[in-house]
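Report on the following structure.
Read the numbers this way: they start at 1 and go in the same order the structure lists the ligands and their atoms. Below, all heavy atoms of this structure are taken into account, side chains as well, without hydrogens, waters or symmetry copies.
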Amino acid sequence: MTNETWGKAREALQAEVGPNNYRNWIEPLEFADLEQGVARFLVPTSFMGNWVERNFGAKILQAMNENGAKVTRLSFVVSQPAASAKAASAPGVEQAPRRSSGRAEDLPGAPLDPRLTFDRFVVGKPNQLAHAAARRVAEGGPVTFNPLFLYGGVGLGKTHLMHAIAWEMKARDPSARVLYLSAEQFMYRFVQALRDKQMMDFKHLFRSVDVLMVDDVQFIAGKDSTQEEFFHTFNALVDQNKQIVISADRAPGEIKDLEDRIKSRLQSGLVVDLHPTDYELRLGILQTKAEAYREQYPDLVIADGVLEFLAHRITTNVRVLEGALMRLFAFASLVGQEITLEKAQDALSDILRASDRKVSVEEIQRKVAEHYNIRISDMVGPKRQRSIARPRQVAMYLSKTMTTRSLPDIGRRFGGRDHTTVMHGVRRIEELQAKDPQLADDLEMLRRILEA
Ligand code: ADP
Ligand code: MG
């Protein structure tokens, strides 16, 4: 039989199975050869081969025989890399080396952001492990943990790492079928497929990828049929030894309304969390991003201490930090002046205020009292001995630098003290900080505790 005969047979099949089925199942078949009555076809996945054989096998045989070929049996050969050979060798489906048919473009994933690469990901203690795991997955090679489950609060870099994995894998192997999408998009596609009666397409598509990444999986909690489908997709890919990367805002066990079997499946690979940023990481990120801006705007100057100030004060998440920096550079390019600490405070007052809401004077008093092992009532009480007065001044200083409260306001919260007393306390700590390393350490540690 020649390709021409197959062409005729295909035409006959088109009329037979209808345009949708034809497009999805017959057209992608690549005729390889016919030997001793066995017609061999190349298919992208074993799933597809099995499906076609079961559902259209008889029709294909018939169409071929009616169009002049003598075929007694069909055989479907998966064209994919040898590494995952074991996984795809379902009965009746043989293996063949992958042919670079370049099918990666037709995946309906979410677009990848070109800025979210490993190059631009700043590594620090809080995200070290997640970064290392993401790197490992991106290297490809044998699947060692499946899935990789990344979790952590908003803006800590989960999506960034997932995009970075996708970029890296595509760079290493342009024909790799990497599918990245949010759990919400997964659900949307699923519902759409149900509605349009295209479930087989849906299943086929999600089972034919080399890597599946689903972002913010907590979204499918409580959505039963989507969960069910996700579970099957997940299992099918794991069985094929295909890498899966999942993210969520919390650990698998803590996602409410998620089926237990899914939780345990999600836990079966490597679970790593992105911890809240620490000061060093925030500063690192700011410096890296400021460097990038500087290339763009070589004339802009940010005074020493401004980035440090931002790293101290904006502790909510990296996205806010980035927004603040962008605003600073926009501001600087508008006014064409050096950005001093004062101007930065001005330009960012709303962001600073919003981040401040996290730490209250009361909280500062509580933590400082705990740290120095004094009573919280002494913070606001009248005692004047050093062992009490010093911690009180530390708390005043932190209240002044970590919140936007005014001096009189702070005074009121320290047992109705006068604002000059607060000012004196703040000054005293500023002076001592330079001379007394122990105090400097205390302050640093308290700041960390309060920011966490
Ligand atoms: P998440 O998905 O965890 O909510 P994202 O990955 O969307 O967070 O990160 C929010 C923003 O912060 C993005 O612009 C991202 O590039 C940036 N970001 C987060 N962590 C880092 C990091 N370690 N280095 C550089 N940029 C980061
Ligand atoms: Mg995200």
Is T159 close enough to the Mg ion (ligand 2) to have an N, O or S atom under 2.8 Å?
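An N, O or S atom of T159 is closer than 2.8 Å to the Mg ion (ligand 2), so yes.
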I need the contact type for [X] against ligand 1. Using non-hydrogen atoms and a strict under-4.0 Å cut-off, is it side chain, backbone, both or neither?
X: T159; answer: both
X: N317; answer: neither
X: L161; answer: neither

Nearest-neighbour protein heavy atom for [atom], which is reported as residue plus atom name and distance:
atom: atom 27 (C) of ligand 1; result: V318 CG1, 3.7 Å
atom: atom 6 (O) of ligand 1; result: H160 N, 2.7 Å
atom: atom 25 (C) of ligand 1; result: R120 O, 3.2 Å
atom: atom 24 (N) of ligand 1; result: V122 N, 2.8 Å
atom: atom 26 (N) of ligand 1; result: K289 NZ, 3.2 Å
atom: atom 8 (O) of ligand 1; result: G157 N, 3.2 Å

Validate the cation-pi geometry between R392 and F414: distance from NZ or CZ to the six-membered ring centre under 6.0 Å, angle to the ring axis within 45°.
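Not satisfied by the 6.0 Å and 45° rule.
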Pi-cation contact, F118 with R135 (under 6.0 Å, within 45°):
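Flagged: R135 positioned over aromatic ring of F118.
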For ligand 1, which atoms, with element, lie under 4.0 Å from some heavy atom of [X]?
X: N127; answer: 23 (N)
X: V154; answer: 4 (O)
X: L116; answer: 16 (O)

Check: Who's closest to atom 17 (C) of ligand 1 heavy-atom-wise, of E322, R319, R115?
Finding: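 Minimum heavy-atom distance to atom 17 (C) of ligand 1 goes to E322.
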key: Minimum non-hydrogen distance to atom 3 (O) of ligand 1, winning option of H131, K158, Q128   =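 Considering heavy atoms of H131, K158, Q128, the nearest to atom 3 (O) of ligand 1 sits in K158.
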Does the distance from a Lys or Arg side-chain N to an Asp or Glu carboxylate O, for [X] and [Y], drop under 4.0 Å?
X: D346; Y: K343; value: no
X: D350; Y: R327; value: yes
X: R261; Y: E228; value: yes
X: K263; Y: E259; value: no
X: E363; Y: R366; value: no

Residues, nucleotides or ligands: over 12 heavy atoms within 6.0 Å of E431 CD:
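Count over threshold, so yes.
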Legend entry - Q345 atom CD, over 12 foreign heavy atoms within 6.0 Å: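 Yes, the 6.0 Å shell around CD holds more than 12 heavy atoms from other groups.
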**Prompt:** Can you check whether F329 reaches L300 side chain to side chain, under 4.5 Å on heavy atoms?
**Reply:**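 Counting from C-beta outward, F329 and L300 do come under 4.5 Å.
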Please verify the inter-ring angle class for F190 with F186; under 30° counts as parallel, over 60° as perpendicular, anything in between as tilted.
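If you compare the ring of F190 with that of F186, the planes turn out parallel.
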Quick check on G155 - does any of its heavy atoms sit under 4.0 Å from an atom of ligand 1?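 Yes, G155 has heavy atoms under 4.0 Å from ligand 1.
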Margin query: Between ligand 1 and G153, can you find any atom pair, the residue atom being a heavy atom, that is separated by under 4.0 Å?
Written below: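 Yes; G153 lies near enough to ligand 1 that a heavy-atom distance drops under 4.0 Å.
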- Query: Hey, does L156 come in under 3.5 Å of ligand 1, counting only N/O atoms on both sides?
  - Reply: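 Yes, there is a polar N/O contact under 3.5 Å.
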